Structures are given as C-alpha cells and as structure tokens.
There are 2 protein chains.
Amino acid sequence: MKTKTNAKSAVSLPLNTILDGDCIERMNALPAESIDLIFADPPYNLQLKGDLHRPDNSKVDAVDDHWDQFDSFKVYDKFTREWLAAARRLLKPNGAIWVIGSYHNVFRMGAELQNQGFWILNDVVWRKSNPMPNFRGKRFTNAHETMIWAGKTETSKYTFNYEALKALNEGIQMRSDWVIPICNGGERLKDDNGDKAHPTQKPEALLHRVMVGSTNVGDVVLDPFFGTGTTGAVAKMLGREFIGIEREEAYRKVAEKRIANVRKFDKEALEVSVSKRSEPRVPFGQLVERGMLRPGEELYSLNGRHKAKVRADGTLIGDDIKGSIHQVGAHLEGAPSCNGWTYWSIKRDGKQVPIELFRQQIRAEMRN
Amino acid sequence: MKTKTNAKSAVSLPLNTILDGDCIERMNALPAESIDLIFADPPYNLQLKGDLHRPDNSKVDAVDDHWDQFDSFKVYDKFTREWLAAARRLLKPNGAIWVIGSYHNVFRMGAELQNQGFWILNDVVWRKSNPMPNFRGKRFTNAHETMIWAGKTETSKYTFNYEALKALNEGIQMRSDWVIPICNGGERLKDDNGDKAHPTQKPEALLHRVMVGSTNVGDVVLDPFFGTGTTGAVAKMLGREFIGIEREEAYRKVAEKRIANVRKFDKEALEVSVSKRSEPRVPFGQLVERGMLRPGEELYSLNGRHKAKVRADGTLIGDDIKGSIHQVGAHLEGAPSCNGWTYWSIKRDGKQVPIELFRQQIRAEMRN
DNA sequence: TACGTGCGTGAATCAGACA
DNA sequence: CTGTCTGATTCACGCACGT
C-alpha cells in the first residue's frame with residue numbers, strides 16, 4: 001500500500017485502498033487538510049414508497065404521509081450536514097468537491113454546501129444520451145442528473161485545467177452541460193448472477209472529465225460513497241491517487257477486482273494541454289538587457305495608430321505617458337487593461353515583428 | 001377587465017392585469033385556491049464582486065439591480081419562504097408551480113419547496129444554445145438554468161399534456177432538458193434609449209413549452225415576478241388567463257404595451273422551439289472519455305506514413321507536434337488544413353478502423 | 001437582392017504574483 | 001494583510017453596413 005505522509009498531522013493516508021464502515025466515522029479518522037478532491041455520489045433513497053430506507057438505517061415509524069415526509073427530510077438533512085462537514089475538514093485549503101444527485105436530494109445538498117461555506121463554482125448537468133423513458137407518460141423523461149462543483153472556500157485556488165477541457169471539446173470552452181451516455185454495455189459491472197452489481201454505477205466518461213478538469217497527476221481523490229469504484233478506476237487510469245469508503249462488502253469486492261484490472265495510461269498520454277498562465281513570467285526589461293531591443297527604438301501598436309520609445313529600464317515613453325508596456329498600451333487605447341506583449345511590435349527589416357516572439361524565444365531558452 | 005369568481009371565497013380575480021406593489025402582500029390579498037399554475041422567476045441573488053471585461057476590454061453589463069441584492073442567505077431564505085408560502089395558498093388543490101433559477105438560488109428554492117410540502121415532479125434544464133462564455137477561463141461556461149416543476153401536494157392531480165409535448169418534440173417523449181436560445185434579437189424588449197428594458201427577460205419559447213405542457217386553455221396563470229411580462233404575453237397567445245405582479249413601474253409599463261400587441265394563437269409562436277436538424281459536432285475527446293480510445297494508443301494516418309499518440313485530453317502527440325487531430329494531421333502532411341476524422345485510423349484486431357466510425361456511433365446515440 | 005464582414009452583447013458569484 | 005502591477009481571456013447570433 002502506497003501511503004502519503006501529511007505534513008501537518010504526520011499521519012499517513014491509506015492511498016489506493018477501499019475502507020469499509022461508515023463514511024463519516026472513516027473520514028473523521030483521516031488527517032485534516034489532506035485531500036485534493038472529493039467526489040461524492042451519496043444515496044438518495046428517501047421518498048421511495050414501499051421500501052423506505054434511511055441513510056442511517058433508522059427505522060421509519062408508520063405514521064401519516066406528511067409527517068413521514070418531513071421527518072425523512074430532517075433525517076436526510078442531518079446526514080448531509082454531517083458527511084459534508086467531515087468531507088470539508090479533509091479538504092486542503094485549495095481543495096474542491098463534486099457532488100452528484102437528482103431532484104430528490106440535490107437541492108438539499110446544494111443548500112447545505114452553501115451553508116457550510118463551500119463556494120459553488122458551477123452546477124453541471126449530466127445530460128444522458130440514453131435515459132430511461134418515463135413509462136407512465138405523466139412527467140418529462142428524467143434525462144439528466146445534476147453535479148455541483150464547489151471550492152472549499154470562496155478564496156480557494158481550485159484546480160481548473162481550462163486548456164485540457166477545451167481540447168477535449170475540440171477547441172471550444174467546455175460548457176456546464178455534458179452529454180454522456182449512461183453506464184451500460186461492457187462497462188456495466190455484473191454480479192455472479194449476471195445482474196447489475198450496483199444500481200447506480202456512474203460512467204467512467206463522467207469521472208474522466210471531472211478528474212482531467214479539476215485535478216492534476218498525483219492528486220489525492222476521495223470518494224466516500226465508493227460503490228463499485230468508478231472513481232478509483234478512473235483515478236488509477238489517470239495517474240491520480242484515490243481513497244474509497246464503502247459500507248457494503250459486495251460492492252467493495254467488485255470494486256477491488258475492477259480496479260486491479262485497470263492499467264494506468266502512459267506518462268506521455270497523461271500530459272495535457274496547459275494554459276499560457278503557467279508559463280514563466282518574462283519581464284519586458286529582459287529584452288532590453290539581452291539586446292533584443294535597443295533603448296530608443298520605437299514600438300508600434302497593433303492597430304498602427306500609436307508608437308512609443310523603449311527606455312533603458314524596460315519602460316516605454318509615449319507622447320504624454322511613461323510606464324510599462326501594459327500601462328502605456330492601456331492608456332493609449334483608453335482601455336481598462338492591455339496585454340502589452342500582444343499589443344506592441346517592432347520594425348525589423350521593414351517588417352512588423354510582435355514583441356511576443358522575443359518572449360517566446362526567451363521562454364524556449366529557459367526550458368533547456 | 002375579465003374576472004373570474006372563485007367559488008370558495010366569492011372574491012373575483014383580477015384577470016389579465018398587472019398588479020403593482022409587493023408580491024407577497026398582493027398574493028395574500030387574493031383568494032385562496034384560485035390559481036391553476038404559478039410561474040416564478042424570482043431574483044437570483046447573484047453575488048457579483050468587481051467588474052467583468054471581455055477579452056476585447058468591453059465591459060459586461062452585469063445584473064446589478066437593487067432588486068437582486070440580499071444581505072445574506074438568511075435574508076434570501078426568509079424571502080423565499082414567504083413568497084412560496086403565499087403562492088402555495090393561492091394554488092388550487094391540483095395546481096402546480098414552476099420556479100426558475102441558477103446555482104446561486106435554485107438549491108435554496110428547491111429545498112424550501114420540499115419543506116413546504118410541494119411535490120417535485122421534474123427538474124428541467126434550460127440548455128442555452130447561445131450562452132455568454134466564461135471570459136476568464138476559470139470555470140465552465142454557465143450554459144444552463146434550472147427550472148423546478150412541482151405539484152401543490154404529493155397527491156395533486158396536476159396537468160400534463162403528454163401528447164402535445166410529444167408532438168412538439170417530433171413524436172419523441174419530451175425530456176427534462178430543453179435546448180432553447182436566450183432571448184435576444186427582435187423579441188428582446190428595449191427601452192426608449194435602445195437599452196434592454198429588463199436585464200433578465202426570458203424567451204417566450206420557454207414559457208410556451210411550460211404552458212402547453214402544464215396548463216389547459218382557460219387556466220389561470222399567476223406570475224409574482226412579472227418583469228416585462230413574458231408569462232402574460234405567452235398566456236394570451238395560448239388562450240390562458242394571467243395575473244402579473246410587478247413592483248417596478250418601468251417594467252409594468254413595458255409589459256402592458258407588449259401584451260396589448262400580442263395576438264391570440266399566433267401561429268408563429270406555436271412553431272418555436274422545434275429542434276434544428278443538423279449533425280451535431282462530436283469532439284474527438286469524447287472518444288477518449290468514453291473509452292473508445294485509450295490514452296497512449298497510436299493512431300495511423302490514411303496513407304500509413306505517420307502515426308501519433310492519443311493523450312488524455314483528446315489531443316495528439318506526434319514526433320515534433322502536439323495538437324488536435326486536425327492540427328497534427330495538417331502538420332504531418334504539410335497541408336493548410338486536414339479533416340482528422342477521415343485522416344486517422346486505429347488498429348483493432350490487426351485491422352485498421354477509421355476513427356470516423358466511432359464518431360458515427362456517438363451521433364447515433366445522440367439522436368435518441 | 002444576395003452575400004460577406006464587422007460589431008455588439010448575453011442572470012457571471014471569472015486572477016495571481018509579488019512587494 | 002493590503003496595495004500594486006502584470007497580463008490572460010470569448011461563443012453564438014442578430015443586425016448594420018458595404019460590395
């Protein structure tokens with residue numbers, strides 16, 4: 001078993017294992033601020049007539065419908081409050097959580113997330129391409145489920161691999177509605193009788209997008225309602241570490257076997273497109289220091305309307321303004337801000353050369 | 001003014017009028033159990049901090065109206081509790097309600113609906129075909145809003161025109177996700193300055209589907225946050241009766257004028273919102289997410305001369321180039337462009353399988 | 001008249017490093 | 001912690017205008 005030691009508590013994490021027992025107790029026994037991402041698909045089996053089974057297994061008294069309904073919400077809210085609080089304690093300050101649910105429980109989860117100080121980043125709709133039809137014709141086909149993505153706090157610097165998701169979507173930024181088929185066919189796990197091993201197995205495609213988008217390689221992902229281990233399987237494929245918690249032995253067994261058969265993708269395949277933001281910063285002054293630009297040379301604006309002179313300290317001087325490439329550009333355009341790197345060019349051999357090219361040259365040298 | 005007398009209270013309803021003032025007080029002054037359907041688009045309680053600019057430096061005209069400002073969740077919850085209770089009193093025993101919101105407020109509304117004994121029938125996702133992008137690349141494009149449809153009680157015999165909706169959807173059962181454009185163009189109401197008359201005007205297509213689906217001709221529809229009167233306009237077109245409540249005089253004036261110009265049974269309005277038939281775009285990344293291709297697998301070019309490896313984000317990596325299936329294909333062929341779908345194949349059981357086949361498979365699923 | 005181009009804009013909880 | 005400064009970031013439409 002691979003473990004990670006948490007700096008704060010010096011307690012090791014049971015990485016890539018499935019813990020048994022009650023998820024709240026199990027979470028409370030793990031070190032605080034040790035988890036990068038939590039993915040949670042909690043049970044929402046209330047309001048189902050006939051077999052009313054509460055999350056805490058308490059007995060439901062035979063009483064009138066209204067009281068019963070109110071009581072079951074109360075019990076469900078308590079359960080939600082407790083597992084979310086336990087989850088929140090585990091998250092690193094910059095950690096985030098995904099929860100998934102349907103209209104039976106997702107409003108209660110969303111409200112409680114907000115109450116506890118999580119900061120909702122998006123609600124994401126999983127739009128099922130092959131939902132179960134509504135057989136009675138009394139309602140709309142229930143063709144989606146809702147996920148909520150939230151940072152631990154309002155100021156958490158959550159992970160969002162914008163460029164990778166954009167690449168997944170053929171160059172267009174990823175939207176909050178995802179079209180993904182429900183889990184069936186070969187991916188759907190069966191028990192020894194050939195019946196489905198779990199009633200609500202989530203598709204790996206869903207978890208793939210969640211993890212590519214909101215974790216990095218090596219991150220620790222916790223799933224407190226592990227079921228048959230979709231979270232663990234995808235985490236392993238993608239080079240993330242997982243911790244699962246699952247109460248039912250039958251599910252744990254299926255999940256263990258499933259994950260053992262998963263192969264991790266090649267290192268090269270796991271590299272994803274990265275944002276320009278993660279490139280090292282290059283001060284404009286370096287272009288002057290390195291002699292790429294000479295003090296006194298003139299820069300021309302993108303639209304050709306403005307020019308400014310380079311000074312020895314890497315600032316510019318225009319007709320009525322001195323300052324950085326960004327400040328001068330913003331002032332000349334009357335804009336709130338300006339990216340000087342893409343705004344200014346210089347004339348070389350009669351041609352306009354964007355200064356951005358010089359920056360890229362310096363960055364290429366830095367990588368060597 | 002057309003009025004209807006309520007059997008129970010013998011008080012007449014102010015049909016097809018817009019009431020001013022506070023919606024809670026106004027609702028409390030109307031007779032109990034007199035309304036068939038309520039459609040409510042309350043303030044979302046957006047919590048916007050600073051200004052937001054587009055990449056071209058233009059400023060986003062944010063919803064910063066006073067009516068959307070609340071001091072805390074506690075204050076917002078009290079507001080929600082009170083207007084929902086007032087609304088519930090007005091509904092006939094078999095009445096129903098629709099509410100619409102975003103992740104800022106919809107979880108709190110949904111939980112309160114359940115707490116008050118409303119019975120949720122569906123949550124319906126309005127998938128915007130043309131949402132505002134996420135300009136900073138920090139989150140998913142917020143491309144949908146959520147509506148909740150609920151009966152007054154668990155046993156309410158709510159109206160659901162199954163066949164009409166099926167007909168609207170080309171003979172296929174209507175799903176819980178509706179693709180409808182945001183309201184702009186000629187439908188978007190302007191004030192005397194040519195600015196939008198209301199920051200959050202809803203499209204008539206949305207209300208059209210709501211009313212066709214969950215009311216009958218002659219039903220009374222109440223909208224306590226009437227705004228510029230989309231609910232009233234569509235109700236009139238479809239031969240339903242409406243009651244609007246709106247606090248802002250400017251909105252009431254626009255709504256009055258708008259509704260006066262509406263003709264009943266406008267044929268054009270009945271035809272909106274039927275889905276367009278064009279082949280949907282399939283991002284190559286979906287083949288990876290869905291496990292049809294495995295990150296690290298190799299693709300082979302049409303002519304067999306080149307190969308490239310698939311990465312987890314749906315981009316390819318070749319000998320000296322990374323990018324989309326199209327970009328890498330074009331680079332390897334020295335061509336200005338390349339259709340990666342027809343260019344690349346994969347080896348399966350010793351045979352070359354064009355990736356185009358996988359795309360066709362996904363499209364077939366999407367047509368369901 | 002038909003078509004192509006450019007511009008405006010939409011319910012948005014939209015930055016991060018460094019001093 | 002606060003203030004300052006760098007510099008990254010957009011998709012689908014409708015409409016006006018020009019050829």
Side-chain angles (χ1 to χ4, degrees), chain A residues 94 114 118-123 149-151 154-158 160 162-163 166 169 171-176 274-285 314-315 323-327 329-330 335-344 355-356 359, chain B residues 41-65 67-70 73 100-106 126 128-146 179 181-188 190 194-196 198-203 225 227 281:
Chain A
N94 293 328
Q114 292 177 312
F118 286 97
W119 194 247
I120 297 181
L121 300 165
N122 279 111
D123 59 333
W149 176 40
E154 183 177 350
T155 53
S156 295
K157 297 192 196 317
Y158 56 91
F160 184 57
Y162 177 75
E163 292 294 340
K166 196 169 165 177
N169 197 30
I172 294 163
Q173 72 177 202
M174 189 71 80
R175 298 167 41 116
S176 59
V274 295
S275 158
K276 245 194 258 178
R277 260 188 277 258
S278 52
E279 295 275 325
R281 177 175 295 190
V282 177
F284 176 71
T315 57
S324 70
I325 53 172
H326 315 292
Q327 289 167 335
S337 71
C338 170
N339 183 345
W341 289 107
T342 54
Y343 182 73
W344 295 107
I355 61 172
E356 172 67 20
R359 180 166 71 161
Chain B
D41 180 15
Y44 287 9
N45 188 25
L46 299 188
Q47 294 151 58
L48 304 176
K49 300 293 194 295
D51 289 342
L52 178 64
H53 292 90
R54 300 186 180 80
D56 66 2
N57 272 323
S58 64
K59 192 178 162 200
V60 174
D61 183 17
V63 178
D64 53 4
D65 304 75
W67 48 254
D68 197 48
Q69 312 293 325
F70 293 82
F73 280 133
I100 181 167
S102 66
Y103 65 84
H104 309 83
N105 69 326
V106 77
W126 169 26
K128 303 179 185 184
S129 57
N130 50 350
M132 182 157 66
N134 185 295
F135 296 117
R136 304 300 291 267
K138 300 304 293 181
R139 303 186 179 188
F140 299 97
T141 306
N142 210 340
H144 75 277
E145 293 187 28
T146 302
V179 180
I182 60 172
C183 180
N184 58 12
E187 189 185 322
R188 188 79 194 227
K190 302 283 161 48
D195 299 323
K196 56 191 176 197
H198 191 284
T200 69
Q201 187 184 339
K202 296 294 176 288
F225 307 98
R281 192 177 49 87

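These figures come from a predicted structure and were not determined experimentally. In the text below, chain A, chain B and the rest are named by the order of the sequence lines, each starting its count at 1.
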Q: Compare the minimum distances between each of D:dA8, C:dA11, C:dG10 and the side chain of B:F135, then state the nucleotide with the smallest one.
A: C:dG10

Q: Measure from the side-chain heavy atoms of A:K157 and tell me the nearest of C:dG16, D:dG7, C:dA11.
A: C:dG16

(Q) What is the separation between atom NZ on B:K196 and atom P on D:dC13, rounded to the nearest whole Å? (A) 19 Å

Q. When the P atoms of D:dT9 and C:dA17 are considered, how many whole Å apart are they?
A. 14 Å

Q | Pairwise C1' distance for C:dA12 and D:dG14, with rounding to whole Å | A | 22 Å

Q) Would you call A:H326 and A:W341 a side-chain contact if the rule is heavy atoms closer than 4.5 Å? A) yes

Q.
In this structure, how many angstroms lie between the P atom of C:dA15 and the OH atom of A:Y162, rounded?
A. 14 Å

Q) B:R188 near the nucleic acid: base, sugar-phosphate alone, or nothing, with a heavy-atom cut-off under 4.0 Å? A) sugar-phosphate

Q: Assign B:C183 to base, sugar-phosphate, or nothing according to its heavy-atom contacts below 4.0 angstrom with the strands shown.
A: nothing

Q) What is the base-pairing partner of D:dG14, counting Watson-Crick and G-U wobble geometry with both distances under 3.5 Å? A) C:dC7

Q: Output the distance between atom CZ (A:F160) and atom OG (A:S275), rounded to the nearest 0.5 Å.
A: 11.0 Å

Q. B:G50 near the nucleic acid: base, sugar-phosphate alone, or nothing, with a heavy-atom cut-off under 4.0 Å?
A. base

Q. At under 4.0 Å, does any side-chain N or O of A:S275 touch on OP1 or OP2 of D:dT9?
A. yes

Q: Looking at every strand, decide which applies to B:E145 at a 4.0 Å heavy-atom threshold: base, sugar-phosphate, or nothing.
A: base

Q.
Quick check on DNA chain C: between B:D195 and A:R281, whose nearest nucleotide comes earlier from the 5' end?
A. B:D195

Q | Carboxylate-amine/guanidinium contact A:K276 A:E356, below 4.0 Å | A | no

Q) B:E187 CD to D:dC13 P: how many Å, rounded? A) 15 Å

Q) For D:dT9, what is the paired nucleotide under Watson-Crick or G-U wobble rules, both distances under 3.5 Å? A) none

**Q.** Euclidean distance for P, D:dA12 against C:dC14 (whole angstrom)
**A.** 23 Å

Q. Choosing from D:dT9, C:dA11, D:dG7, which nucleotide comes nearest the side chain of A:R277?
A. D:dT9

Q. When rounded to the nearest Å, what value does the distance between C1' atoms of C:dT9 and D:dT10 take?
A. 11 Å

Q: Indicate whether OP1 or OP2 belonging to D:dA8 is found under 4.0 Å from a side-chain N or O atom of A:N339.
A: yes

Q.
With rounding to the closest Å, how many angstrom separate the P atoms on C:dA19 and D:dG7?
A. 13 Å

Q | Distance, rounded to the nearest Å, where B:D68 contributes CG and C:dA12 contributes P | A | 11 Å

Q: Output the single nucleotide from C:dG10, D:dT6, C:dA12 whose closest atom is nearest the side chain of B:P133.
A: C:dG10

Q: Answer yes when A:E163 and A:K166 have at least one side-chain N-carboxylate O distance shorter than 4.0 Å, and no when they do not.
A: no

Q. Which nucleotide sits closest to the side chain of B:D56: D:dG7, D:dT10, C:dA12?
A. D:dT10

(Q) Side-chain N or O of B:K138 versus OP1/OP2 of C:dG16: is the shortest distance under 4.0 Å? (A) yes

Q) On a plain distance test, is the side chain of B:R54 in donor-acceptor contact with the base of C:dG8 below 3.5 Å? A) no

Q. A:I172 near the nucleic acid: base, sugar-phosphate alone, or nothing, with a heavy-atom cut-off under 4.0 Å?
A. sugar-phosphate

Q.
Using a heavy-atom cut-off of 4.0 Å across all strands, would you classify A:E163 as base, sugar-phosphate, or nothing?
A. sugar-phosphate

Q. Which part of the nucleic acid, if any, lies within reach of A:N169 when heavy atoms closer than 4.0 Å are counted: base, sugar-phosphate only, or nothing?
A. nothing

Q) Starting at CZ of B:F225 and ending at C1' of C:dA11, how long is that distance when rounded to a whole Å? A) 15 Å

Q: From the options D:dT10, C:dT9, C:dA12, select the nucleotide whose nearest atom is closest to the side chain of B:L52.
A: C:dA12

Q: Indicate, with a heavy-atom threshold strictly under 4.0 Å, whether B:P131 touches base, sugar-phosphate, or nothing.
A: base

Q) With rounding to whole Å, what would you report as the distance between D:dC1 and C:dG16 at their C1' atoms? A) 15 Å

**Q.** Sugar-phosphate, base or nothing in reach of A:P280, heavy atoms under 4.0 Å
**A.** nothing

Q: Quote, to the nearest angstrom, the C1' distance that separates C:dT1 from D:dG18.
A: 14 Å

Q) Within less than 4.0 Å of OP1 or OP2 of D:dC5, is there a side-chain N or O belonging to A:S324? A) no

Q. In terms of side-chain heavy atoms of A:K166, which of C:dA15, D:dC11, C:dA12 is nearest?
A. D:dC11

Q | D:dG7 OP1/OP2 closer than 4.0 Å to side-chain N/O of A:H326 | A | yes

Q.
I need the CG-P distance between B:N184 and D:dC15, as an integer number of Å.
A. 8 Å

Q: For A:I325, report the nucleic acid contact type (base, sugar-phosphate, nothing); a contact means any heavy atom under 4.0 Å.
A: nothing

Q. Within the structure shown, what part of the strands sits under 4.0 Å from B:V106 by heavy-atom distance: base, sugar-phosphate, or nothing?
A. nothing

**Q.** Spacing of A:R175 atom CZ relative to C:dA12 atom C1', expressed in whole Å
**A.** 15 Å

**Q.** Of the listed nucleotides C:dT9, D:dT9, D:dG7, the one nearest the side chain of B:S58
**A.** C:dT9

Q: Could you tell me whether the side chain of A:I355 reaches within less than 4.5 Å of the side chain of A:F284, counting heavy atoms only?
A: yes

Q | Whole angstrom value for the distance that separates C1' of C:dG10 from CD of A:Q173 | A | 13 Å

